[in-house]
Amino acid sequence: MNYLRLKKQSDFNKLFSGGRRAFSPSLTMIYAPAKQLRMGISVGKRHGKSVQRNRIKRLLREAFRSVREEIKGNYFIVLVPKVREDYSFFTFRKHLQCMIGKEKL
RNA sequence: CGAGUUUGUUAUACGGUCGCGGGGCCCUUCGGGGCAAUGAGGAAAGUCCGAGCAGCACAGGACAGGGUGCCUGAUAACGUCAGGUGAAGGCGACUUCAAGGAAAGUGCAACAGAAAUAAACCGCAGGGUUUUUGCCCUGUAAGGAUGGAAAGGCGAGGUAAGAGCUCACCGAUACCGCGGUAACGCGGUAUGCCAUGUAAACCCCACCCGCUGCAAGAUUGGGUGCCUGCCAUAUAGGGCUGUCCGUCCGGCAGGUUACCGUGAAUAUCGCUUGAGCUUGUCGGUGACGGCAAGCCUAGAUAGAUGACCGUACACGACAGAACUCGGCUUAUCGACAGACUCGGAUC
RNA sequence: GCGGGAAUAGCUCAGUGGUAGAGCGUUACCUUGCCAAGGUAAAUGUCGCGGGUUCAAGUCUCGUUUCCCGCU
């Protein structure tokens with residue numbers, strides 16, 4: 001039931017140029033079908049200093065872990081959060097669930 | 001009681017459920033699973049200094065360039081720290097200071113002002129001339145005006161008017177004596193005081209400094225400009241990571257051919273036991289050092305500390321290791337403790 | 001992670017320690033029947049920020065903030 005992390009720079013570039021996109025108020029999800037389920041997070045300097053960026057990544061990892069059961073197929077997924085004043089675990093989880101249901105993953 | 005100065009400590013705490021990193025032990029169908037521990041800071045930050053470590057260069061020397069700059073000490077080293085000296089600020093506790101040299105030389109000092117390193121605009125006084133106003137010559141630098149700065153300050157004597165011209169006090173410089181390891185301090189004598197500021201302008205003096213940085217570098221395939229073996233040591237030209245003096249170099253044979261590959265960096269090592277931490281004791285005013293006992297305390301690589309619930313209150317600031325240490329600087333809601341100063345009241 | 005550089009008017013840039021400038025833009029007036037072009041004049045700056053040296057700092061110096069570039 002585990003998932004793998006998306007690590008290669010080339011995979012990120014492939015998704016950003018040719019992946020399908022789903023939107024929600026707090027984050028953008030980019031995905032494409034693949035052999036395994038891999039998830040990556042893209043957080044840049046515009047999201048804040050290193051403490052803030054680490055916090056976003058932890059919240060997103062935890063949110064993805066809690067909704068992982070609902071994903072049936074295998075995809076490469078990149079999560080891009082939007083720039084906000086503050087971030088919370090519950091809004092991330094809610095929007096992830098919405099997008100998974102809408103896109104029928 | 002109020003107002004302050006200074007030094008240090010700390011940086012929400014506890015419990016439950018799920019999850020993450022590396023290591024240990026156990027199990028394994030080799031995919032993995034289980035257990036009990038452990039896992040960000042005082043600044044981890046900025047990268048401003050100093051070192052270790054690594055690679056390259058290097059006989060050695062000179063020049064250039066850069067840095068430091070009161071004294072003594074501490075240290076592996078430092079631009080850091082400690083204790084002193086001097087100066088400035090504060091009633092005080094105390095704080096701050098890139099604090100050598102302007103009599104080696106060069107430069108600069110706008111505007112204003114008579115004049116800016118140089119002497120006379122208004123003045124003051126004496127003499128000459130003239131009826132007087134005035135004009136000319138001489139002396140002078142007290143006063144005025146300008147400026148950041150105007151030829152030590154202030155008072156008395158003195159003088160035609162004045163002036164260190166003379167004298168007392170203060171300041172400055174030189175010498176002597178005493179104290180101190182020294183910076184320097186105290187006292188005495190002499191000199192009427194040969195002369196502004198700027199060295200965070202160039203510079204002089206003293207001391208120090210190879211260059212690059214863990215994305216360094218090494219290992220695990222093949223190969224090259226590489227490796228192995230043999231022979232040779234002259235010139236040209238080139239290299240020697242700022243320049244010069246100076247110093248070094250070459251050829252032949254074999255393997256191998258710009259690609260193969262599984263993936264070739266997204267691997268492994270470097271990577272955490274170290275000028276280490278805690279406690280005690282001894283030496284030192286102190287920074288710090290000696291000795292003894294105990295301890296092992298992150299090591300990731302899309303980059304590990306999170307989510308939820310409960311309890312308590314002060315309702316949680318700044319902020320996240322990336323080779324490692326010693327400092328500095330900057331950010332920071334607060335809490336606690338020690339020492340000291342000033343003011344008021346009471347005994 | 002490591003190493004360089006910049007910040008000056010609305011924009012692009014000059015600026016030996018001594019009153020901060022140029023071009024474009026803006027505003028007003030002239031010119032024209034009207035507009036453009038042209039001419040005349042004016043306004044516009046905590047010299048990124050905070051200390052220090054100096055009589056005097058945009059310039060020298062220390063710290064700090066933001067941005068850009070190179071190594072990879």
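Keep in mind it's a predicted model, so treat the numbers as computed, not measured.
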Exercise. State the syn/anti category of B:G42 according to its glycosidic angle, syn meaning within 90° of 0.
Key: syn
Exercise. Classify the nucleic acid contact of A:Arg61 as base, sugar-phosphate or nothing, counting any heavy atom under 4.0 Å across all strands shown.
Key: sugar-phosphate
Practice problem: For A:Arg21, enumerate each residue passing the side-chain contact (heavy atoms from CB on, under 4.5 Å) test, keeping only those at least two apart in sequence or located in another chain. | Solution: A:Phe16, A:Phe23, A:Ile30
Quiz item: What ring-ring contact (aromatic ring centres under 6.0 Å, His included) pairs are there with at least one residue in residues 52-75 of chain A, not counting sequence neighbours?
Solution: A:Tyr3-A:Phe64, A:Tyr31-A:Tyr75
Quiz item: Restricting to pairs with a member in residues 55-64 of chain A, which pass side chain to side chain donor-acceptor pair (under 3.5 Å), not counting sequence neighbours?
Solution: A:Glu62-A:Arg65
So which protein nitrogen or oxygen atoms get under 3.5 Å of nucleotides 39-44 of chain B's nitrogens or oxygens?
none

Quiz item: Pairs in or reaching into residues 94-103 of chain A: which pass salt bridge (charged side-chain N to carboxylate O under 4.0 Å, His left out), with residues at least two apart or in two chains?
Solution: A:Arg20-A:Glu103
Quiz item: Considering residues at least two apart in sequence or located in another chain, which fulfil the side chain to side chain donor-acceptor pair (under 3.5 Å) criterion with A:Ser88?
Solution: A:Thr91
Any protein N or O atoms within reach of nucleotides 307-310 of chain B? Criterion: under 3.5 Å, listing atom names and distances.
| residue | atom | partner | partner atom | Å |
| --- | --- | --- | --- | --- |
| B:A307 | OP1 | A:Arg55 | NH1 | 2.5 |
| B:A307 | OP1 | A:Arg55 | NH2 | 2.6 |

Practice problem: Could you check if the base of B:U297 is syn or anti? Syn means the glycosidic torsion is within 90 degrees of 0. | Solution: syn
Quiz item: How would you label the glycosidic angle of B:G31: syn (within 90° of 0) or anti?
Solution: syn
Quiz prompt | Involving RNA chain C, stems made of at least three consecutive Watson-Crick or G-U pairs, both distances under 3.5 Å | solution = C:1-7 with C:65-71, C:10-13 with C:21-24, C:26-30 with C:38-42, C:48-52 with C:60-64
Exercise. Under the side-chain contact (heavy atoms from CB on, under 4.5 Å) rule, collect the residues that match up with A:Ser26, sequence neighbours excluded.
Key: A:Ser24, A:Phe92, A:His95
Exercise. Write down the distance separating the C1' atoms in B:A82 and B:U75, rounded off to the nearest Å.
Key: 12 Å
